[in-house]
Amino acid sequence: MNYLTLIMAIPLLGAALIATLPQSKSLLAKQFALGTTLIAAVATIFMTTKFERSNTALQFVESYDWIKAFGIKYAVGVDGIALVLILMTALLTPIVVLAGWNESEGGRWSTKTFYILILVLQTMSFGVFAATDVFLFYVFFEAMLVPVYFLIGGYGSGERSAAAVKFLLYSLFGGLLMLASIIALYVLSGEQGGHTFDIEALSQLEMSSTTQNLLFLGFFIAFAIKAPLFPFHTWLPDAAKSATPGTSVLLLGVLDKVGTFGMIRYCLSIFPEASKTFTPLIITLSVISILYGAFLAIGAKDIKRLIAYTSISHFGFITLGIFAMTTQAQSGATLYMFNHGFSTAALFLVAGWMISRRGSSTIADFGGLQRVTPVMAWSFFIAGMSSLALPGLSSFVSEFLVLVGTFTRYPVAAVIATFGIVLAALYILIPVQRALHGPTEPGNENLKDLNLREKIAIAPVIAVIVVLGFYPSPALNIINPAAAQVVSQMGFTDPLPTHGGK
Amino acid sequence: MLVNNGLVYLIALPLFGSALLLLAGRRADRWGHLFATAMSAMSFVLGAVQFYEMLGRDAENRAVTQKLFTWISVGSFNVDAGLLLDQLSICFVLLITGVGTLIHIYSIAYMDHDKDRRRFFAYLNLFIAAMLLLVMGDSYLNLYVGWEGVGLASYLLIGFWNQKPAYATASKKAFIANRVGDMGLSFAIMIAFATMGTVSFIGVKEAAEGSSQGALTAIGLMLLLAATGKSAQFPLQAWLGDAMAGPTPVSALIHAATMVTAGVYLITRSNFIFDAAPTAQLLVVIVGAITLLFGAIIGTAKDDIKKALAASTMSQIGYMVLATGLGPVGYAFAIMHLLTHGFFKAGMFLGAGSVMHGTGDEVNMRKFGGIRHFMPVTFATFGLGYLAILGVPPFAGFYSKDKIIETAFYSGGIKGILIGSIALFGAALTAFYMTRVMILTFAGTPRYDINNPPHESSFLMLLPMGILAIGSVTSGFLLARGEALVHWLEPLFHAHEGHGPEILPPVVISLMALTVVIIGATFAWFKYGRGPVADTAPTNVSIFTRIARRDLLQDDFNESVFMRPGQALTRLIVKTDDVVVDGTVRGVAAATLGSGAALRTSQTGFVRSYAALIVIGAIALIAAIWAVTL
Amino acid sequence: MSEFISPTLSYSLLSPILVVFAGAIIGVLIEAFASKSIRPIAQVSVSIGTLVLALVQVWRIRSSSSTTAAMGSVIIDGPGLLLQGSILIISIIAVFLIADTENFAAAPAAIPGSSEERESIARGQQVSEVFPLTLFAVAGMLIFPVASDLITLFVALEVLSLPLYLMAGLSRRRRLLSQESALKYFLLGAFSSAFFLFGAAYLYGYSGSISFAGIRDAVVGGTGNDVFLLIGIAFLSIGLLFKVGAVPFHAWTPDVYQGAPTPVTAFMAAATKVAAFGAMLRIYYSVFANAEWSWRPLITGIAIITMVFGSLVAISQRDVKRMLAYSSIAHAGFLLTGVIALNKAGLDASIYYLFAYGIASVGAFAVVTLVRDSAGEVTDLNRWAGLGKRSPWVATSFATFLLAFAGIPLTSGFIGKFSIFSAAYESGATAVVIAGVLSSAIAAFFYIRVIVLMFFSDPLEDATSVLIPSILTRITVLFSVVVTIFLGVFPSPLLDFISNIAIFIR
Amino acid sequence: MNPTNYLYVSALLFTIGAIGVVVRRNAIVVFMCIELMLNAANLSFVTFARMNGNLDGQVVAFFTMVVAACEVVVGLAIIVTIYRSRRSASVDDASLLRR
Amino acid sequence: MPESVLFWIMGPLAVVAALGMLLVKKAVHSALLLAWVMITLAFFYIAQGALFLGIVQIVVYTGAVMMLFLFILMLVGVDASDSLTETIRGLRPIAITAAIGFGGLMVSLIGRASLGRESVGLDQANAAGNVEGLAYQLFSTYVFPFEVVSALLITAAMGAMVLAHHQREVPRSTQRDLSEQRFRSGSLATAAGLPGPGVFARHNAVDVPALLPDGTAAPASISETLRTRGDMIDSSQFQLDQVNTEVKEEK
């Protein structure tokens, strides 16, 4: 059964169906979009149940020739890491559709177009995580920029087109650097037994260390921009501020994961030596990102920018975990990607509701929401607690795994990174205090609390956050073998306890 | 995996209560408080049952564990969601659920008029659950969950009236100070895993024997950092005073009886680490000593009754921490003082709450005076607590605090004398400020509108106060009788190594303690009891008093050393991000655009200059040829 | 001297060229004898018919290829046929554009603004001579990449150039600009062909032969003096680089692209590039291949300067045709990497790129012809603002072409760029690949800016209207869009086809 | 005589022609300079034909003349047209298209 | 060596003449100098064994092409002269540098080069006669480009037609046509044609309307442009009967 192609096809079919609807039936378009994403989610969950957790090989593999002249294949397959990210995408999209039911209405174009873009984006996202052919990956990687670009520029607010352009140019720039590396890989593979883009085959290539380092950088910078890692992050706050909340969720929750996912899937496996060479640098950048993003978040005055900055900090943790090269950090990083998707989704969706009710995204314009709109305030609070990695919520597990895993190999980095948890308390509690606590500011008295649709949308997100906080095993069991595989393929074993055994 | 001995229900009941009340929303307004109280009470009953069962077993087999499920398992990092109830935990379980239930009952009346009472009870239940998890977790990571959980509950409760900006700020301050401490706990766990490969108490205990001094010291120091955060010890003590913004039952439960003692629990629980790390132990003592004086000094200057009590709490926990730093002999006394303190301090806080309740939420003691006439029961219970905290025999404090002073003196050498003296001096200060509180509040002449006198609180409030007062009177004797607690806890603390040389007989030390207490109390009487008290704080006071009123400049210190530089750093980074990082990006874009515009001018429109360009190109080519064929 | 050898021409191999010549001459005869009223329709039919027939001929001789013809004046081999096919397909859709609307002067001989001109316009006239001129140009283009001696190359260069010089000056609106562009194109074109010829003289001097085979033998044999060879290569290259619009021989491009009637711009932007690069590929790959040490550094430098310059200057353009002109300069730089590659992959990639770029280019200019106000085409980019709102399909088509130019995946441009850069990299030209990638990033900037303008900006007050496309333009645009996307998604058939038959015979 | 001398003359004439295109403003003179360049090229061809001992160079020169004649026709037609529109044959006046 | 003599006399003269092309002001002079250069080249061709080319050079180039140039120069204005001051900033130094650089480099390169083989001479190639030799080549080896050149000629012819020739759509009206039109226009009033300005008036400037028999002005008699511009003079002042008939005796 070609599950992966199937789940990629479902949104595309839905998009085609919506395209046939008349312009005026915007409600129908929304319902179709929700239905499609729900079907895709169910299909993905079903696929997840068929996944053999103990098997570290790629599963649900499909491979067909695409461009034979270049050895390019339509090849897909997932390991545990890719699977959880696909699952996350599949779960988040219907939530985004439901949560942002009216998001498309302030846009430049029709509702129909909005949902077509969303669905196309979903297909691309599945593809980018599932691809096992570097070229196919690149195609999805670049092509998914286009729907996001139109989603930001067409349906966002404020300086939306400037933000969309900034996003696109940043990403394209990174993408082109990656393209240069891909070209080099292609040529190298041609010299060493036939052109191919298969990851497995590429990871066997012989390269001089200079070549490897340069090519690694091509990939890594592309991913660092996407992730985003300091100092390549400045597109994110603008994009997140201008995009609709739903788009922001997909942007930060799904799209940015491509960066960190790419680091695992491509940087590590194809350039193991270069990865080791650059590890000190990357760890440094990650730690800087953690603290830097946190400080920026503390200083942020706009709630959406704040969330974007927190993500920079969180992506620092993820990158740190990836390059720490211990099973704990690796699993933690992947779990972090999954969890971050949901906690950011919760933050953005609730922030979006707050903003749409208040008509402002400046934190100072809120105040006392806890008394006016308790459910909304609580949702925001829980999301915030998840963001600051409160134990008992899902992010804690992943953040702690990253830290503890990093500590065994890079104690200094882990120690500095840990300061991020104090800063996290600041950047979450400051907006909580300003927006939710305090006296009810004028203009906020009559805000409406969440309606049923919004409650239905946020409930599963919070449920995931809480359940995985207490019982992360379902996710970890999928991730662990793949993460361990990554670490062992890199030739690393976990550092042993320095004193005594268990 | 299966719930075989029901430990989990201890936590699950209040947790369920909390979740239900929060999710049900306004629908639960009418019965929420009762439900929550019931949950807490049932938890207490379960705890009592466990205690009873435990009593029935041998000393060596008293600990029970329960593995619920595998929580986190990655590679060699395996943490179960597991519970451990041993002699140490049970003390806490009973204290938490017992005092907790009493405070639930008290709050039913105290929060009667608040329309958000249900939410308050939900938070209380959440706190109980988290605190139980803290003391019952079988590993540092489980403890960590409870640790942050109580921090969250504390945050929520301090900020319960967060519509007042100051209260919201206080709650945030508490959370952040706690987070700094939590960081220490994180470090400790990381070091433990890196060096020992495990984070469970049993595992670490076993591995500690073979571990290096350095690692153990590091873990110990980090645990101490965690403890200072949670237990409001120096240097992370500043949040406790502000935490009094929360409703008074909260102050009683969380910021006096239970949560703030979590640091003591942590150090005691980690005895196997501290015992092997003398440096860390010494620092524990120093921190305790500093804090006990620090709190006591602040206490002497505070006019706000709750803040005075909070300072007292800080000071008393300083005693406990000091005790834990004194090695195996100290742990039991620390715990004993912790338990007795739980009774008398909670009782006094509830008393203070009662006074506030009776005076229309007045907290300034200079506006009180002579309240004993109007609130006799409150006066009585408060007075018993007062005697207990002073260490007047045979009240509870006498048994616990004297033992700590004694142990301090016996810890050996100059150090022993020094910390013993500090402890003794602390006792004098305690007597002074507590007497001051008593006099200002209950004695003297009323300094309020006599036509609108305070009224005694309702039965529901007085009942817990009474029970706690009984505890204040009896608990010390019960725990100390035949060294009951010491023996009870003994299996946990390795060997009973004994203490250093008895430089003075115990009786002498007790007498000395009693003497300084009397001196302190008398001094207070001379200062406040003889004449009328100004109803506003005098301003022409010594610099020391002013500093003490400003909490020994703790906030000024934090503000100038952390907050302002932090804010400046934040502004700097925000600016840097805009100007340097994003500025570079924009600069590259501008440079690209600019060079495009500049190059564009080469297109002059004159065909002759285009021809010239071609000629120049041709010259360049032939010049290159000329060069290569040279 | 020996006996006169009666020349054998291999007519079947020449048939595409001859068919086009024949069509052109029929066109001339129609001009001479047919009445004015039936001329336009007759010319269109003849032109299209001729080109299609030529295309059929190309297809039919594809397997009998790899032979010299016409006494060795031309080589009909795989690459040549592919290029001829590309030129013909591009020409067909370009002729649709030429035939479509009133783009051409009613009376070119009349003074602009004269009553004579007004009268002609009122009578709905349009110069129908453009069709035979186009066919002549196409014929020249068909010969250019298959020429195998310097004479044929030079004559083909002129045959393709002269009609273009003329056609550039035939715009109906803004005739002064149009005439100016014709003058500039002509003067600079003649100037560059003088260089070309001078270079040819030195190549002849070096080798003693004017046939490519003879020159190659001399290069391979190393006989003769390198100085002559180098001067020959340098000056011949100037002529060719001028035609493809490489910096610093590019200056005519923006002016001529802007001034010429848009259909002519479309035709010459696309078809001339194919022809000129076709000739370049043949010359550098087969004739100068053994002297690569001499020209590769030079062409590498020029390629880098060209792509960077084109991309940078395009950013600051406010006129859509000028912007496309600079974009074509940048693309000339990208295509030069294919020349530098000097391997089979480079050849295949260049041919693919040329075809893909040509089609997208015609499509883009076709869209330009549609955006109008009462005074004719609107090329001021500011006034394209909000086009996406008013004419989503037109704007979307244009965006598709721009994305293809930018090399976004799933468009033909991406496959083209990928294949050409990888070929260049394979041959060790890393610097040019990196420069290419960087300038692609710069280029992306202005393509995206136009898309932003069309989709994300609000229209100005004096809104431009979009002409309802006639069936011919619609075919052109649609065909271009479909090809652009199809070649981006399923490039395999074409790539394989090219790869199988693109082998230069020497 | 060494035929190379003719090459020098050819090169000089070519140079002069090229510079003439750059410095002269009258379109007709510019065009004449281009013709001069073509002639210079022709001289090279003829000289090389002599040096190489075959007639190919002369054939090219012959073709060049024909082509040049055609070019002249077209070029002068364009110049005349633009002169009629602008009453000026200066190439500098035709500079509306720029930037 | 007669060739040397020829070369050393004609060569420098040709170069000087070419330089003169750049320096003279009048286009006609440039053309004449170019003609001189071309004739020189014709001599060189003949001297180098290219008899046919030499003749063609004179006939086609100097004769036809240069005549065409001169013809157009006449059309454009034979007096047209260039100011030699440079108007494009910086172009003159570039041109001078380029001239020296280009010429210098080329001469230096040619000086360094040698063919690497003996100069063969055309004796063998021209054995059967130069014209015959060329004919062999043209009609055999290079027959294809030769034929293609015809396309070029057609293009050139058509190009000239397109740009220069405009076929009249309506034949130009003859006087007879106009006359017939007037009579058939319905009104006979204008059949005889409109009066010219100044008729019966004392003044015949173009802005003075004719006077009708009744003495009023006839607006139709002056140009419509003037009328609409209001440049029509009130002609009443010029009526004959208003004129002071007293002829003053003038000296």
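Just so you know, these numbers use all the heavy atoms, side chains as well, and skip hydrogens, waters and symmetry mates. Chain identifiers are assigned alphabetically (A, B, ...) following the order of the sequence lines, protein sequences preceding nucleic acid strands; residue numbering begins at 1 within each chain.
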Nearest 0.5 angstrom please: E:S4 OG to D:N5 CG, how far? 8.0 Å

Contact winner vs chain E - D:V72, D:N2, D:T15, heavy-atom pairs under 4.5 Å: D:T15

Side chains of D:Q58 and E:N130: is there a donor and an acceptor less than 3.5 Å apart? yes

Sort out for me which of D:I16, D:N54, D:D92 touches chain E most, counting heavy-atom pairs under 4.5 Å. D:I16

Toward chain E, the part of D:F63 with a non-hydrogen atom under 4.5 Å: side chain

Cut-off 4.5 Å, heavy atoms of chain E, and the answer for D:L13 is side chain

What part of D:I82 lies closer than 4.5 angstrom to a heavy atom of chain E: side chain, backbone, both or neither? neither

Which portion of D:T47 sits near chain E, non-hydrogen atoms under 4.5 angstrom: both

Could you look at D:F14 and say if it's the side chain, the backbone, both or neither that has a heavy atom under 4.5 Å from chain E? side chain

When E:L41 is tested against each of D:N42, D:L43, D:L36 for side chain to side chain contact (heavy atoms under 4.5 Å, CB included), which residue passes? D:L43

Between E:Y61 and D:E35: side-chain donor-acceptor atoms closer than 3.5 Å: yes

Atom group of E:A31 that falls short of 4.5 Å from chain D, counting heavy atoms: both

Greatest number of heavy atom pairs closer than 4.5 Å to chain E - which of D:I79, D:T81, D:T4, D:V74: D:T81

Among the options E:L138, E:L153, E:V65, E:V149, pick out the one with the most heavy-atom pairs lying under 4.5 Å from chain D. E:L138

If you measure from OG on D:S10 to CD1 on E:I110, what distance do you get to the nearest 0.5 Å? 6.5 Å

Sort E:M66 into side chain, backbone, both or neither according to what part of it lies under 4.5 angstrom from a heavy atom of chain D. side chain

What part of D:R87 gets closer than 4.5 Å to chain E, counting heavy atoms only: side chain, backbone, both or neither? neither

Using heavy-atom distances under 4.5 Å, tell me whether D:F62 contacts chain E through its side chain, its backbone, both, or neither. both

Of D:I28, D:V9, D:V73, D:V80, the largest count of non-hydrogen pairs under 4.5 angstrom with chain E goes to D:I28

